[in-house]
Amino acid sequence: MGDHHAELTGLLTDWLPRQRWFAGKGRGAGRIRIRRDTTVFEPLRLLVVDVDYDHGPPDHYQVPLVVRADAPFGHDGFLIGECAGGLVYDGLHDPDGSAALLQFLGRSARRDDLVAEATRTLDDLPAHAVGAEQSNTSIIYGDAYILKVFRRLWPGLNPDLEVTRALAEVGSAHVAAPVAWFSGEVEGQPTTLGFLQEYLRSGTEGWRLALASVRDLYAEADLHADEVGGDFAAEAERLGAATAEVHADLARALPTRQPTADALRALVTYLHGRLDAAVEAVAELRPFEAAVRKSYDELTGAAPAVVHPRPFQRLHGDLHLGQVLRVDSGWVLFDFEGEPARPVAERVGLESPLRDVAGMLRSFDYAARSMLLERGDEPALVYRAQEWADRNREAFCRGYGAAAGRDPRDDTAMLRAFELDKAVYEVLYEARHRPGWIGIPMASVEQLTQTHPPAAAQPPAATQPPAATHPTAATHPPAATHPPAG
Ligand SMILES: Nc1ncnc2c1ncn2[C@@H]1O[C@H](COP(=O)(O)OP(=O)(O)O)[C@@H](O)[C@H]1O
Ligand SMILES: O=P(O)(O)O[C@H]1O[C@H](CO)[C@@H](O[C@H]2O[C@H](CO)[C@@H](O)[C@H](O)[C@H]2O)[C@H](O)[C@H]1O
């Protein structure tokens, strides 16, 4: 294997950093080491590759591959390179490789420390890849299953598998059924490598539906968000209710804890730490740094029962419109992995459910503003974007509040802090992955620090005040005071 691995290491040094799921952007050049190479099921080999950096711990990546003597027609897109043994392909996109993985799963097979577990018999079905590569690689078998193969590996049980299974066990209607999974040792710990779920063929991503709605509004220059055919508010409200139901089920299925003053102080320290890292990497954040920090510090001013009158619990962790599917029966949430860049030890901690709420509120803002990137930011369109975002943010909070018994907008200071934290995270994310989009979260950082100067936390409300008095979900004054230009 020595020469062969040396050659493969050379190929991967070039290929790995070009992958969408490579998380080392911003850490300087890494040195690649092949940690394991096991034939799972002929012809699929499963490699785990370490990337060492000058500073900090190494990252681990899963690289399934197939080496072929010849090149099947139309296969070039997934060629990693050529070595003495033959042509090296990304094994998840190789038809024989993906078929081998399904066989391994379906037989609940074992190969050394690699172990598969299936909850039912699996049909042999042809595979095709999900359109775009994201944080991981997903492949669809027939129209029946979707397999997510985790790329960056964190030792231990993956939170996506853990949380989805916990929700399915308590009968949640808002997750796709888990079907099979496989694991292997990384740093001496059994580590989730992949997760097969029921494929929801009738599902449409929330992000697509939201963009269609925004497009409708932009096309109708004379109408308001509540007057156009594609109004999304009823869906946003249902999505709010579904999110609250998922949180309630997670609180039943997994541990919860009432936040103490110490826990809130630790949270504030943590938020400041995330801001430190973002400000160091993205200079555009500096003018807003002091105002953001002031919002965070507000969280320690009052008793925990006032500033956060909900238990801390397990979460989705990276909730946005691209993580929800509208199926015939309602909304389904997926990808409970949390933010991919965050160490898994943090992602499995108990946190405020408002973190998820804030993620989705930010996403409404993203949907509206991303269309401005395409259409230009003339004032009338900017106004309409804001109107769309505000209307759907309000509706989401209303739906969440009705199902949870407490409206997120009643926890003003906490919600704003989490929105700021998410926007700061997004600035860093966009700087690394989509620099052309960085203006979207930057505009929100600016808005959240200007239009809402820090205010005293509100006491827990026994009854819900009417929507118009909720201060934080709309990012602008009500529509009636700003008629659209033109
Ligand atoms: N159960 C499912 N049924 C149908 N499509 C799904 C299902 N789960 C995920 N998807 C689709 O697969 C894509 C990738 O899934 P995701 O979990 O977000 O991967 P990643 O971790 O790479 O971001 C999503 O954009 C979604 O549209
Ligand atoms: O879906 P992932 O788990 O890979 O999440 C990461 O990528 C997301 C983008 O694909 C990113 O989400 C941001 O952009 C979305 C639109 O593309 C928007 O709906 C989200 O609100 C916004 O945060 C996510 O932050 C990142 O972790």
Side-chain angles (χ1 to χ4, degrees), residues 19-23 62 92 128-152 158-161 163-164 167-168 174-179 192 194-211 214 239 278 316-328 331-342 347 355-371 373 389 392-393 396 418-419 421-434 436-441 444-445:
Q19 304 312 301
R20 159 70 178 76
W21 38 263
F22 180 73
Q62 179 175 195
L92 299 174
H128 59 99
V130 167
E133 290 271 306
Q134 301 186 7
S135 300
N136 296 293
T137 300
S138 293
I139 41 184
I140 299 167
Y141 290 100
D143 249 0
Y145 320 119
I146 179 162
L147 172 69
K148 173 146 78 169
V149 174
F150 297 110
R151 288 300 195 162
R152 184 178 182 189
N158 186 286
D160 192 13
L161 174 60
V163 169
T164 309
L167 284 168
H174 301 298
V175 288
V179 176
T192 314
F195 175 27
L196 188 81
Q197 275 179 285
E198 182 189 348
Y199 180 66
L200 302 172
R201 64 182 76 78
S202 73
T204 311
E205 238 181 58
W207 177 251
R208 271 169 180 267
L209 293 173
L211 287 192
V214 177
L239 182 55
H316 179 282
D318 190 16
L319 193 60
H320 58 80
L321 285 161
Q323 309 280 42
V324 294
L325 291 172
R326 180 68 164 94
V327 297
D328 297 341
W331 286 101
V332 167
L333 279 57
F334 59 90
D335 198 4
F336 287 80
E337 226 194 333
E339 288 169 2
R342 221 175 156 198
R347 295 191 246 146
R355 184 183 267 288
D356 279 350
V357 171
M360 194 54 88
L361 295 184
R362 292 283 316 113
S363 206
F364 288 119
D365 193 66
Y366 251 82
R369 288 185 204 261
S370 70
M371 297 289 291
L373 292 181
N392 289 290
R393 288 159 57 92
F396 180 84
F418 282 128
E419 267 210 77
D421 175 64
K422 190 71 192 182
V424 165
Y425 163 85
E426 288 164 346
V427 167
L428 193 54
Y429 176 88
E430 301 301 357
R432 288 185 179 154
H433 297 280
R434 293 185 299 203
W437 285 43
I438 198 168
I440 296 178
S444 297
V445 170

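Along the sequence shown, the residues carry numbers beginning at 1. Just follow the structure's listing: the first ligand is 1, and inside any ligand the first atom is 1. Only heavy atoms go into these numbers, but all of them, side chains included; no hydrogens, no water, no symmetry mates.
Within ligand 2, the atoms closer than 4.0 Å to a non-hydrogen atom of P340 are 27 (O), numbered from 1 in the order shown. Applying the 4.0 Å criterion to heavy atoms of E205 picks out, from ligand 1, the atoms 24 (C), 25 (O), 26 (C), 27 (O). Heavy-atom proximity to E198, at under 4.0 Å, picks out these atoms of ligand 1: 1 (N), 2 (C). Heavy-atom contacts of L325 reach the following atoms of ligand 1: 2 (C), 3 (N), 4 (C), 5 (N), 6 (C), 7 (C) (cutoff under 4.0 Å). For ligand 1, the atoms sitting less than 4.0 Å from at least one non-hydrogen atom of K148 are 16 (P), 17 (O), 19 (O), 21 (O), numbered in the order shown with element in parentheses. The A176 neighbourhood of ligand 1 comprises atoms 1 (N), with distances under 4.0 Å to a heavy atom of that residue.
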(message) Working note: F336 + L167, criterion side chain to side chain contact (heavy atoms under 4.5 Å, CB included); need CA distance, chi angles, decisive distance, verdict.
(response) CA-CA 11 Å; F336 287 80; L167 284 168; 3.7 Å; yes
(request) For side chain to side chain contact (heavy atoms under 4.5 Å, CB included), just list the numbers for L92 and R151, CA-CA rounded to whole Å, side-chain angles, deciding distance to a tenth of an Å, and then say yes or no. (result) CA-CA 11 Å; L92 299 174; R151 288 300 195 162; 3.5 Å; yes
(request) Dump the intermediate steps for salt bridge (Lys or Arg N to Asp or Glu O under 4.0 Å) on R393 and D365, then the final yes or no. (result) CA-CA 8 Å; R393 288 159 57 92; D365 193 66; 5.3 Å; no
(request) List the steps, then state whether side chain to side chain donor-acceptor pair (under 3.5 Å) holds for E337 with N136. (result) CA-CA 11 Å; E337 226 194 333; N136 296 293; 3.0 Å; yes
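Checking side-chain atoms of R347 against main-chain N and O of E339 turns up a donor-acceptor pair under 3.5 Å. Listed for the R326 side chain is no donor-acceptor partner under 3.5 Å among the backbone atoms of W331. Remark: the backbone N or O of A176 is not paired with any side-chain donor or acceptor of E198 at under 3.5 angstrom. Under a 3.5 Å cut-off, the side chain of T164 and the backbone N or O of L161 do not form any donor-acceptor pair.
Close N/O approach between S135 and ligand 1 is found [any backbone or side-chain N/O within under 3.5 Å]. Residue-to-ligand polar distances keep W437 apart from ligand 2: every N/O pair is separated by 3.5 Å or more. Between E339 and ligand 2, no pair of N/O atoms sits closer than 3.5 Å. An N or O contact shorter than 3.5 Å links L200 to ligand 1 by distance. By the 3.5 Å distance cut-off applied to N or O atoms, E430 is not counted among the residues near ligand 2. The distance criterion of under 3.5 Å between nitrogen or oxygen atoms is not met by W207 with respect to ligand 2.
The pair D356-K422 does not meet the salt-bridge criterion, since no charged nitrogen lies less than 4.0 angstrom from a carboxylate oxygen.
Note on ligand 1: R151 sits outside its first shell, no heavy atom being nearer than 4.0 Å. Every heavy atom of H433 sits 4.0 Å or more from the atoms of ligand 2. For Q323, the closest heavy-atom approach to ligand 2 falls below 4.0 Å.
The protein non-hydrogen atom at the shortest distance from atom 27 (O) of ligand 2 is Y425 OH, 2.5 Å. When only non-hydrogen protein atoms are considered, atom 23 (O) of ligand 2 lies nearest to E426 OE2, 2.7 Å. Annotation: atom 1 (O) of ligand 2 to nearest protein heavy atom, H320 NE2, 3.3 Å. Of the protein's heavy atoms, D318 OD2, 3.1 Å lies nearest to atom 5 (O) of ligand 2.
The option from W207, W21, Y199 that lies nearest to atom 4 (C) of ligand 1, judged by heavy atoms, is Y199.
A 4.5 Å side-chain heavy-atom check between R342 and D318 finds every atom pair outside the cut-off.
The CG atom of L196 lies 7.5 Å from the OH atom of Y141; values are rounded to the nearest 0.5 Å.
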